[in-house]
S.K.: 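Sharing a structure here in structure tokens format.
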Amino acid sequence: MWVRSAGPGDSWNLLTEPIGYLESCFSAKIGTPRQPSVCSHSRACLKIRKSIFNNPEHSLMGLEEFSHVWILFVFHKNGHLNYKAKVQPPRLNGAKTGVFSTRSPHRPNAIGLTLAKLEKVEGGAVYLSGIDMIHGTPVLDIKPYIADYDSPQNLREQNDRHRPGAAARSDGTANSCDLLLPSGCEKAQPCHSTKEKPKCPADGTSEENSQKSRDTSEIQHTLPDGRESAVALALEPSRGESMDTAEDQLGPQQLKSFLEEGTDRPGKGEGALVLRGSSADTQWDASCRARTADRVACSVVPGWVKEAPVAPLQVRFTPHAEMDLRRFSSRDAGQTSFKYFHSAEEAKGAIEDMLSADPRSVYRRKLCEDRLFFFTVDTAHVTCWFGDGFAEVVRIKLASEPVQVADPEESLVALGT
Ligand SMILES: C[S@@+](CC[C@H](N)C(=O)[O-])C[C@H]1O[C@@H](n2cnc3c(N)ncnc32)[C@H](O)[C@@H]1O
């Protein structure tokens with residue numbers, strides 16, 4: 001795949017090659033969760049291609065030490081390649097915002113980013129859950145999730161050290177320390193401004209770098225002409241980075257303990273949380289701290305990200321649908337006929353999770369309220385309809401083959417027809 005990128009007076013192309021194609025429990029875009037957090041039972045498997053690494057299992061060595069991974073992928077089923085500067089995310093319920101302030105699949109480079117739970121690594125395959133990608137999605141990369149690098153909350157202490165007299169922001173945007181305070185708690189001073197670039201530790205080790213060099217030469221050796229420079233270009237920025245982080249001295253297990261200790265350290269990151277407007281030395285009220293401990297994340301987000309356009313829907317199943325589900329699990333002498341779900345209960349729970357989050361587009365929600373809604377998950381083809389504050393599942397059939405819906409609106413069928 002060619003990814004276009006252009007800078008001022010400069011234009012270059014980067015040739016990428018998927019490291020694998022996702023085997024996912026979702027066969028079509030419709031009904032697939034919008035974010036991985038929606039459905040923790042959604043499962044997938046990624047097998048690293050031998051054309052990328054002769055011994056795929058080598059590339060996954062050590063990954064099993066991590067609980068979560070970032071998956072970078074291509075929205076290959078976007079259907080059209082045009083994209084717009086402003087889009088209408090479902091949570092804005094029809095209002096527009098800039099594409100880069102959203103997670104819309106329709107963007108200049110159709111790259112997706114998902115934080116998935118790592119279930120296990122087996123040979124050259126990675127088993128994931130909590131995913132929002134469809135079957136066949138080309139995956140470009142896997143990276144371990146490291147809270148100390150990837151979560152603003154974990155950068156707070158370090159950041160505050162560099163900004164001892166950090167003042168409240170005057171640009172009107174809300175810092176989540178302010179935004180997420182429960183009522184009754186005083187406003188805390190912002191922990192940091194996102195406009196100030198956090199000082200991050202170098203993200204790699206010398207060993208990692210030399211591994212990268214080895215991998216690069218491996219790729220350069222095996223790939224066709226023209227690919228070599230593109231791959232080298234991709235790795236260029238990490239060469240020669242200074243490697244003075246704690247990980248230099250730690251193995252994977254020790255690194256994990258190190259990160260866990262860092263997260264649990266008493267008092268970590270509390271330095272900036274002093275009351276505004278009260279005596280200078282007043283400490284952050286202990287009860288407020290307890291109530292906000294798991295909610296204070298020092299990042300800035302617009303309010304609409306937190307506010308769903310509709311309350312979670314109540315999900316119910318008609319007696320017919322319940323019977324369908326029972327038939328599913330009693331198929332083949334008591335064996336469940338699901339491929340990804342472990343039981344009918346899990347499938348039911350997943351369907352509830354998906355529908356409770358209202359998977360309909362704004363268009364459907366507003367203009368096609370009375371239409372049946374279909375989606376396929378695992379081997380189940382689910383038919384449901386939506387009413388005021390609820391979704392009702394009316395049929396669950398065995399999907400004979402993965403459903404490919406070219407245009408979601410094409411699958412609309414008037415209720416009762
Ligand atoms: C809103 S995107 C978010 C994906 C990712 N978490 C992100 O933020 O980049 C998720 C939606 O993309 C769609 N989708 C998933 N895989 C896709 C693919 N391979 N091609 C096109 N659309 C896809 C599904 O409809 C899913 O609900």
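Note that ligands are numbered from 1 as they come in the structure, with each ligand's atoms numbered from 1 the same way.
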S.K.: Are Trp385 and Phe374, when compared by the centres of their aromatic rings, separated by less than 6.0 Å?
M.R.: no
S.K.: Using a strict threshold of under 4.0 Å (side-chain N to carboxylate O), is an ion pair present between Arg365 and Asp358?
M.R.: yes
S.K.: Test side chain to side chain donor-acceptor pair (under 3.5 Å) on Thr32 and Asp132; report intermediate values, then the result.
M.R.: CA-CA 6 Å; Thr32 300; Asp132 56 0; over 6 Å; no
S.K.: How about Tyr340 and Phe338: are their ring centroids closer than 6.0 Å?
M.R.: no
S.K.: Looking only at the aromatic ring of each residue, does the gap between the centers of Tyr145 and Phe66 stay below 6.0 angstrom?
M.R.: no
S.K.: At less than 3.5 Å, what protein N or O atoms come close to the N or O atoms of ligand 1? Include the distances to 0.1 Å.
M.R.:
residue  : atom   : partner : partner atom : Å
ligand 1 : 6 (N)  : Gln35   : OE1          : 2.9
ligand 1 : 6 (N)  : Leu113  : O            : 3.0
ligand 1 : 6 (N)  : Thr114  : OG1          : 3.0
ligand 1 : 6 (N)  : Asp132  : OD2          : 2.7
ligand 1 : 8 (O)  : Gln35   : NE2          : 3.3
ligand 1 : 8 (O)  : Arg103  : NE           : 2.8
ligand 1 : 8 (O)  : Arg103  : NH2          : 3.2
ligand 1 : 8 (O)  : Leu113  : O            : 3.4
ligand 1 : 9 (O)  : Leu113  : N            : 2.9
ligand 1 : 9 (O)  : Leu113  : O            : 3.4
ligand 1 : 16 (N) : Ile134  : N            : 3.3
ligand 1 : 19 (N) : His76   : ND1          : 2.9
ligand 1 : 19 (N) : Thr137  : OG1          : 2.9
ligand 1 : 20 (N) : His76   : N            : 3.2
ligand 1 : 20 (N) : Lys77   : N            : 2.9
ligand 1 : 25 (O) : Lys29   : O            : 3.1
ligand 1 : 27 (O) : Thr32   : O            : 2.9
ligand 1 : 27 (O) : Pro33   : O            : 2.9

S.K.: Salt bridge (charged side-chain N to carboxylate O under 4.0 Å, His left out) with Arg316: which of Glu352, Glu322, Glu392?
M.R.: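 Running salt bridge (charged side-chain N to carboxylate O under 4.0 Å, His left out) over Glu352, Glu322, Glu392 with Arg316 returns exactly one hit, Glu392.
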